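One structure is given below, encoded as structure tokens.
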Amino acid sequence: MDTNNFFTEHFNKLQSQVGNGNLQELRQKAFHSFNEKGIPLGRNEEWKYTRISNLFNKQYTFPLQLTSISEQDLKELRLPGHEAANELVFVNGLFSEVLSNIRSASLQVQPLEVAARGEFSNIVSEHLGHSSDYLKDGINALNTAFVHGGVFIYLGKGKTLEHPIYLYNITDARTGNIFSQPRSLVYLAGNANAQIVETFNTIGTGESFTNGVMEIVVEQDAMLEHYKIQNDASHANQVSTTHIRQIGKSYVHTVTISLNGGIVRNNLNVVLEAEHCETHLYGLYFIGGDTHVDNHTLVDNVTPHSFSNEFYKGIIDDNATGIFNGKIMVQRLAQKTNAYQSNKNILLSDGASVNTKPQLEIFADDVKCSHGCTVGQLDEEGMFYLRSRGIREEKARALLVHAFAMDVLEHIKPAAIRSYVDHLISERLES
Amino acid sequence: MNDELSILEKTVLSEYKYGFVSDLEADEAPKGLNEDIVRFISAKKNEPQWMLDWRLKAFSQWLKMKEPTWANIKYPAIDYQDIIYYSAPKQKINPKSLDEIDPELRRTFEKLGISLDEQKRLSGVAVDAVIDSVSIGTSFKEQLGELGIIFCSMSDAIQNHPDLIKKYLSSVVPITDNYFSALNAAVFSDGSFCYIPKGVRCPMELSTYFRINAENTGQFERTLIVAEEGSYVSYLEGCTAPMRDENQLHAAVVELIAMENAEIKYSTVQNWYPGDKEGNGGIYNFVTKRGICKGDNSKISWTQVETGSAITWKYPSVILKGDNSTGEFYSIAVTNNHQQADTGTKMQHLGKNTKSRIVSKGISAGFSNNSYRGLVHVGKGAINARNFSQCDSLLLGDKCGAHTFPYIEVKNKSSVVEHEATTSKIGEDQIFYCNQRGIDTETAVALIVNGFAKEVMNQLPMEFAVEAQKLLAISLEGSVG
């Protein structure tokens with residue numbers, strides 16, 4: 001596929017389709033930036049271990065208009081607890097109001113285009129596209145160049161959501177290969193409290209490439225929990241970006257679970273722009289087959305007195321590849337920062353490989369920062385203990401792997417989601 | 001806190017003590033770099049045709065290469081045509097004894113506290129002193145000769161041991177390895193060659209003092225150490241350079257080859273001129289150091305104390321090819337004022353049961369930036385490989401930076417790799433604890449920094465440990481006792 005022609009053609013089509021909307025300028029600028037930077041190659045240090053350029057050699061359909069899927073299709077993809085949850089559905093990267101269910105009165109959900117010219121226009125113009133300050137590659141610009149059909153999620157001051165927001169990213173690849181770019185902007189006003197759960201699913205046998213961006217802004221005293229569950233088909237590739245700004249003293253808790261997929265790249269940025277922020281990042285990649293999962297995280301401490309803790313674990317089997325790149329930035333003003341990071345990996349087969357790069361960039365002196373990472377195997381003593389009590393080798397191994405994963409799973413706070421993920425892992429271990 | 005600040009100010013104000021220029025008549029090449037200069041250097045050194053061809057090949061490769069930009073360092077572009085690539089102290093005849101050496105030169109060494117006769121008499125260290133690219137005196141040669149150990153300058157080795165040079169030169173660091181190694185291969189002026197025959201344990205620490213002297217002179221050293229089966233050698237390299245306003249480029253290459261059951265220990269103390277308080281001048285130090293554990297059960301250990309240079313770009317590496325081989329890297333990097341250091345190591349595990357250990361301690365003060373960049377690669381065949389890495393950073397002052405960029409790549413399931421890093425400053429509680437026991441703040445800081453660096457200091461050979469401690473003290477004067 002000739003990427004330049006392909007995207008230029010679609011870009012022109014989109015621009016004429018949506019007319020002189022208020023996001024036109026943003027798109028134009030981003031498209032220009034994409035043309036300049038192009039698809040990131042292995043030469044780019046941030047993409048050293050993940051090559052996505054080959055994915056652009058395929059033919060894709062890039063839907064610019066909303067298509068629908070049937071209730072039946074959706075039914076199979078729903079998460080447990082969906083009866084009470086607020087469900088937002090993206091189909092091929094475009095937000096579908098028809099399939100979505102907003103059950104909490106305090107939650108405001110609008111198409112991005114609407115939000116950009118209504119009462120939230122200030123918020124949208126200030127925060128939409130902020131991720132490009134951190135992700136300076138063409139792939140992020142590409143999403144912004146096609147900002148369209150996205151969603152704006154707003155939770156007002158002091159509002160607490162009783163039930164989580166479920167965000168389904170569905171790719172309908174029954175008629176061929178699909179390229180899609182979901183986009184959303186989430187804003188938690190002061191003292192608001194929300195849980196967001198994102199999933200990714202591909203229907204059909206066509207290949208998919210999803211390049212999604214979610215930007216989240218967290219105000220003073222707000223609390224955000226964000227869960228990303230990736231258990232997509234092996235022919236589903238994605239670059240999934242979550243960019244969180246903590247603009248007031250706030251609490252952020254994220255868990256990223258990657259269980260299956262083709263090439264999966266997760267960018268998770270948290271920018272701590274206010275004092276006394278608290279941030280927890282957890283992740284688990286338990287992968288086999290030829291799955292390639294790359295977790296790229298950045299914690300940027302801008303102001304003093306913040307705390308962050310990052311804990312990622314990987315279990316890698318078959319010919320899978322796991323990558324962890326964690327960066328902690330401590331800016332000159334961010335004194336009294338405490339930032340911790342840990343990455344632990346287990347390799348289960350000879351074909352498996354792991355590349356890990358924990359990174360510290362520190363410009364303030366009165367800080368406590370540490371990182372650690374390990375690569376190894378299942379604990380032999382643990383194995384012996386179980387075997388000596390008459391537990392079969394496979395069973396013992398499954399128990400130990402499960403226990404290894406548990407350290408991360410226990411940080412999934414909604415019980416329904418936790419047991420759902422736990423169940424997925426048990427199933428995997430039994431097979 | 002105020003006390004601490006004043007100490008840091010003192011630290012920042014401490015001047016480079018080894019800055020002086022000795023007046024030696026230099027035999028220089030014209031400025032600039034082209035094929036003729038390469039031919040000039042080769043002719044000057046009376047080199048055989050194969051050596052010239054090798055240099056020309058490197059030069060033509062260098063022309064095609066680009067200067068690397070990935071390191072976390074900033075410096076004005078280097079004008080490679082504004083450098084003198086060859087300068088040798090003039091000497092009438094080759095000295096047979098130390099008495100024949102230029103007295104001016106000997107005074108230089110005395111100022112550095114390493115007078116040759118003193119060394120020879122007291123410490124039992126063989127010194128191959130290098131001033132401005134040409135070896136001017138070698139001691140203990142006869143003693144080593146009896147054991148079959150070859151320890152001589154690179155130029156001598158090219159004349160007298162061409163077979164060994166042909167066999168091993170650029171076998172670990174190929175001429176096309178990187179921009180600076182290609183440059184070095186094209187224009188290297190001299191260096192040391194060391195060959196330890198089978199089963200011989202070198203009875204003394206071998207050492208070379210490098211010293212950049214004449215103005216506008218880049219120094220391009222090339223060192224090659226070959227340890228045959230079952231042999232052992234410990235090699236020391238130490239540097240001090242006079243004060244300069246203009247930046248000087250140094251691009252050295254060091255190659256180590258350890259055969260079956262052999263062990264090489266390579267220690268460096270580097271204290272080149274770091275530039276003044278405002279960051280003017282100072283040495284640009286772009287070094288390629290690599291060793292290969294070629295045979296089974298071999299061991300290579302790098303120890304470095306880096307206190308000097310405006311810019312340090314240096315990654316002593318070990319290729320662990322032989323089964324059960326071991327690689328070690330111990331480093332202290334101190335940066336002050338506007339110094340920048342991007343240093344670390346690469347451990348390439350290829351053989352079975354290979355082990356590596358990395359201990360890196362970075363101390364940053366003033367406006368400096370100190371980065372650790374390391375790679376641990378465990379290949380598919382490196383069954384049961386084991387690595388442990390630790391890199392700690394200490395920040396003195398709030399305008400400096402400490403960074404770590406560890407890369408860990410593991411491609412088999414039987415190996416265990418661990419990495420840990422911490423960054424912190426000297427705790428107020430630690431200082432308070434010491435004060436409370438009657439230790440003043442200055443001594444307390446010294447105590448803590450010494451403790452911080454101890455793990456690496458312990459790895460240095462006795463002869464060097466004293467000097468290294470002195471250097472650490474000078475670099476962080478005021479904070480270290």
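Here the structure is a predicted model, which is why all the values come from computation and not from measurement. All chains are named by letter (A, B, ...) in the order of the sequence lines, taking the proteins before the strands, and each is independently numbered beginning at 1.
With sequence neighbours excluded, the residues that form a side chain to side chain contact (heavy atoms under 4.5 Å, CB included) with B:K399 are B:F367.
The contact list for residues 326-355 of chain A toward chain B, using heavy atoms and a distance under 4.5 Å, reads A:R332, A:Q335, A:L347, A:L348, A:S349, A:D350, A:G351, A:A352, A:S353, A:V354, A:N355 by residue number.
Per-residue counts of heavy-atom pairs under 4.5 Å with chain A were compared for B:L395, B:T404, B:D392; the largest is that of B:T404. Taking B:P406, B:A402, B:G401 one by one and counting their heavy-atom pairs under 4.5 Å with chain A, the maximum is reached by B:P406. With chain B as partner, the option from A:K48, A:H371, A:K368 having the largest number of non-hydrogen pairs under 4.5 angstrom is A:H371. Contact count versus chain B (heavy atoms, under 4.5 Å) is highest, among A:G372, A:C369, A:A364, A:G376, for A:C369. The greatest number of non-hydrogen atom pairs below 4.5 Å with chain B, out of A:V367, A:T374, A:L360, is found for A:L360.
Of the atoms belonging to A:F324, not a single heavy atom falls under 4.5 Å from chain B. In this structure, chain A has heavy atoms under 4.5 Å from both the backbone and the side chain of B:K411. A:E45 touches chain B through its side chain: at least one heavy atom from C-beta onward sits under 4.5 Å away, while N, CA, C and O do not.
Looking only at side-chain heavy atoms (C-beta outward), B:T335 and B:C400 stay at 4.5 Å or farther from each other. You'll find the side chain of B:T354 stays beyond 4.5 Å of the side chain of B:D323, heavy atoms only. Side-chain atoms of A:V264 and A:D294, non-hydrogen and from C-beta on, never get closer than 4.5 Å to each other. Two residues are said to be in side-chain contact when any heavy atoms from C-beta on lie closer than 4.5 Å; A:H296 and A:T50 fail this criterion.
Between the side chain of A:K313 and the backbone N or O of A:F404, at least one donor-acceptor pair lies under 3.5 Å. A:D318 contributes no side-chain N or O that, together with a main-chain N or O of A:A320, makes up a donor-acceptor pair within less than 3.5 Å.
Using a cut-off of 4.0 Å between Lys/Arg side-chain N and Asp/Glu carboxylate O, B:K346 and B:E409 are scored as not salt-bridged. For A:R387 and A:E393, the salt-bridge test passes: some basic side-chain N is under 4.0 Å from an acidic carboxylate O.
Aromatic ring orientation, B:F180 versus B:W313: perpendicular (interplanar angle above 60°, classes split at 30° and 60°).
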